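Nothing here was measured: the structure is a model prediction, and the numbers come from that model. Note on naming: letters A, B, ... go to the chains in the order of the sequence lines (proteins, then strands), and numbering restarts at 1 for each one.
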2 protein chains.
Amino acid sequence: MQKAAIERNNEVIAAQLAPVGRETVQDRVYSELRRALIGGLFEPSQVLTIRGLADALVTSTMPVREALGRLITEKALEALPNRSVRVPPITLERIDDLLRARILIEGEAISLAASRMGPRQIATVEGLLREWDEIRALKHKKDVDREVTLNQSFHFEIYRACGSAVLIPMIESLWLQSGPCIRVAIYAFSEAGEVDTARYHRTMVSALASGDAQAAREALVADISRPFTFLRSKLQSAKEQT
Amino acid sequence: MQKAAIERNNEVIAAQLAPVGRETVQDRVYSELRRALIGGLFEPSQVLTIRGLADALVTSTMPVREALGRLITEKALEALPNRSVRVPPITLERIDDLLRARILIEGEAISLAASRMGPRQIATVEGLLREWDEIRALKHKKDVDREVTLNQSFHFEIYRACGSAVLIPMIESLWLQSGPCIRVAIYAFSEAGEVDTARYHRTMVSALASGDAQAAREALVADISRPFTFLRSKLQSAKEQT
DNA sequence: TCAAAGCAAGTGTGATCACATATCAAAAAT
DNA sequence: ATTTTTGATATGTGATCACACTTGCTTTGA
């Protein structure tokens with residue numbers, strides 16, 4: 001009986017081959033729409049149609065409608081009584097509501113992460129910070145998309161360390177809801193704003209490295225508050241003009 | 001021109017007729033599954049099939065698969081790599097994780113509600129409390145479903161007063177995730193447990209009536225912690241036996 | 001000239017079909 | 001007797017169709 005030999009051969013094969021994964025079309029559509037939403041590629045109040053998205057993503061309507069349904073339950077999109085779906089419009093109340101929730105939950109997450117991040121994770125986020133500096137150094141073209149992605153990686157690398165399978169999906173939902181809002185703030189941000197962001201991020205990392213949960217939380221609150229307060233004042237003045 | 005007369009006639013009709021509403025089949029399926037999950041009608045680790053649910057709910061597969069997808073994104077259900085879906089199993093870590101998140105978010109919600117609930121809302125929750133007492137008074141049959149519904153109404157009547165369109169869906173998601181867990185605790189609860197629940201609820205109401213956010217939060221934490229710690233010790237001992 | 005009716009294109013929803021994969025028990029091979 | 005193979009059934013996924021409703025423009029009527 002060559003059972004042992006076969007077993008050994010299978011193990012060798014398993015070591016060489018990476019799992020191919022079986023992502024469905026629906027999952028890819030969902031991920032793509034998430035990416036677009038968080039990146040602020042859709043404008044607030046923009047309406048989305050199933051067939052339109054299906055054409056744009058080169059699939060049929062079926063995966064799109066299922067992805068839209070999922071995004072609607074996450075409040076990342078909004079179902080109108082007309083049965084059409086749009087990205088939620090910005091209001092003053094919504095901005096304050098979102099910021100409060102983000103401070104509450106992301107603050108808790110980073111506070112938990114402070115006592116759980118090892119040198120390994122600290123090094124990773126420091127690497128992301130360095131990568132960011134490099135991009136800002138050669139500032140010929142405004143690679144906003146790259147910065148958004150990097151910012152997202154930075155934050156979620158920290159949140160992932162909090163070890164909560166419940167909090168992280170909630171934070172993802174909050175980012176999904178905030179995405180269309182803060183994009184307009186990002187575009188309007190001057191060089192000064194980005195310098196601030198980098199400083200807050202560095203403060204967060206050093207606080208995390210020393211296990212100072214309170215300092216990390218405060219730096220995070222300052223970081224995520226800034227685009228919201230900026231957007232708030234902008235909306236406020238726009239409202240007064242009318 | 002009888003335009004004014006027509007207008008008046010239309011208003012009369014509008015006053016007599018109630019909006020008929022256009023709830024889709026998918027929405028009804030979703031609501032029904034939510035109710036079942038929060039009520040703990042499904043057991044942890046139970047697998048659900050699209051066609052099975054479609055038969056049980058007397059519809060086709062289409063609305064069911066969409067409802068399942070939405071519940072999966074809310075983490076109320078879990079998609080296995082086999083592409084089958086089940087209600088998430090209970091683990092010690094998950095219990096602690098859920099309780100921490102619920103204390104954080106529902107605590108914030110009730111704290112906000114404390115300064116926003118008027119006499120009108122206070123009266124409503126007091127009415128729910130009285131209704132509960134009546135049910136407990138004629139305790140011939142264990143109407144657990146009714147108590148679960150009443151408990152849910154009580155809490156969400158308060159949460160709704162917090163005025164946050166962001167926090168409330170998150171709390172709903174947390175209840176969806178907790179439902180299958182706490183059902184086993186509810187069944188095991190003795191009469192003593194229910195008396196405690198009623199006491200905590202009364203404490204909450206009087207704290208809310210006097211606008212004492214801190215006291216309301218503490219009573220809430222005690223209320224929602226109890227089934228979790230009960231379940232925790234039960235799971236702990238079951239684990240030690242093996 | 002302007003409001004109301006009518007028409008046509010577009011859109012979401014649900015049903016059904018086809019296909020690939022998963023599951024499990026019976027049969028075959030060792 | 002145990003393991004492997006095989007075959008039948010069940011299940012999720014995506015495509016397509018039919019239907020109802022919405023929307024915006026054109027046409028009709030006052």
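Residue pairs satisfying the salt bridge (charged side-chain N to carboxylate O under 4.0 Å, His left out) criterion with at least one member in residues 39-57 of chain A, sequence neighbours excluded, are absent.
Looking only at distances, no side-chain donor or acceptor of A:S111 sits under 3.5 Å from a matching main-chain atom of A:G107. In this structure, A:S173 contributes its side chain and A:P169 its backbone to no donor-acceptor pair below 3.5 Å. In this structure, B:T229 contributes its side chain and B:S225 its backbone to a donor-acceptor pair below 3.5 Å. Side chain of A:Q121 to backbone of A:G118: a donor-acceptor contact under 3.5 angstrom is found.
Contact check of residues 60-68 of chain A against DNA chain D (heavy atom, cut-off under 4.0 Å) returns A:S60, A:T61, A:M62, A:P63. Within a heavy-atom distance below 4.0 Å of DNA chain D, the residues of residues 45-59 of chain B found are B:L48, B:T49, B:I50, B:R51.
Atom CE of B:M170 sits about 8.5 Å away from atom CG of B:L174, to the nearest 0.5 Å.
Of the side-chain N and O atoms in B:Q26, one or more sit less than 4.0 angstrom from OP1 or OP2 of C:dG14.
Note: CG (A:L77) to P (C:dG12) measures 12 Å, nearest angstrom. Per the geometry, CZ belonging to B:R83 stands 18 Å off P belonging to C:dC19, to the nearest Å.
Considering only residues two or more places apart in sequence or on other chains, B:F154 meets the ring pair (Phe, Tyr, Trp, His ring centres under 6.0 Å) condition with B:H201. By the side chain to side chain contact (heavy atoms under 4.5 Å, CB included) test, A:I168 is found to be paired with A:R160, A:C162, A:E172, residues two or more places apart in sequence or in another chain being considered.
With a 6.0 Å cutoff to the six-membered ring centre and a 45° limit on the axis angle, B:R34 does not count as a cation-pi contact of B:W175.
Ring geometry for B:F156 versus B:Y159: interplanar angle over 60°, hence perpendicular rather than tilted (30 to 60°).
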Short heteroatom pairs, N/O only, protein and nucleotides 20-24 of chain D, under 3.5 Å:
| residue | atom | partner | partner atom | Å |
| --- | --- | --- | --- | --- |
| D:dT23 | OP1 | A:N82 | ND2 | 3.2 |

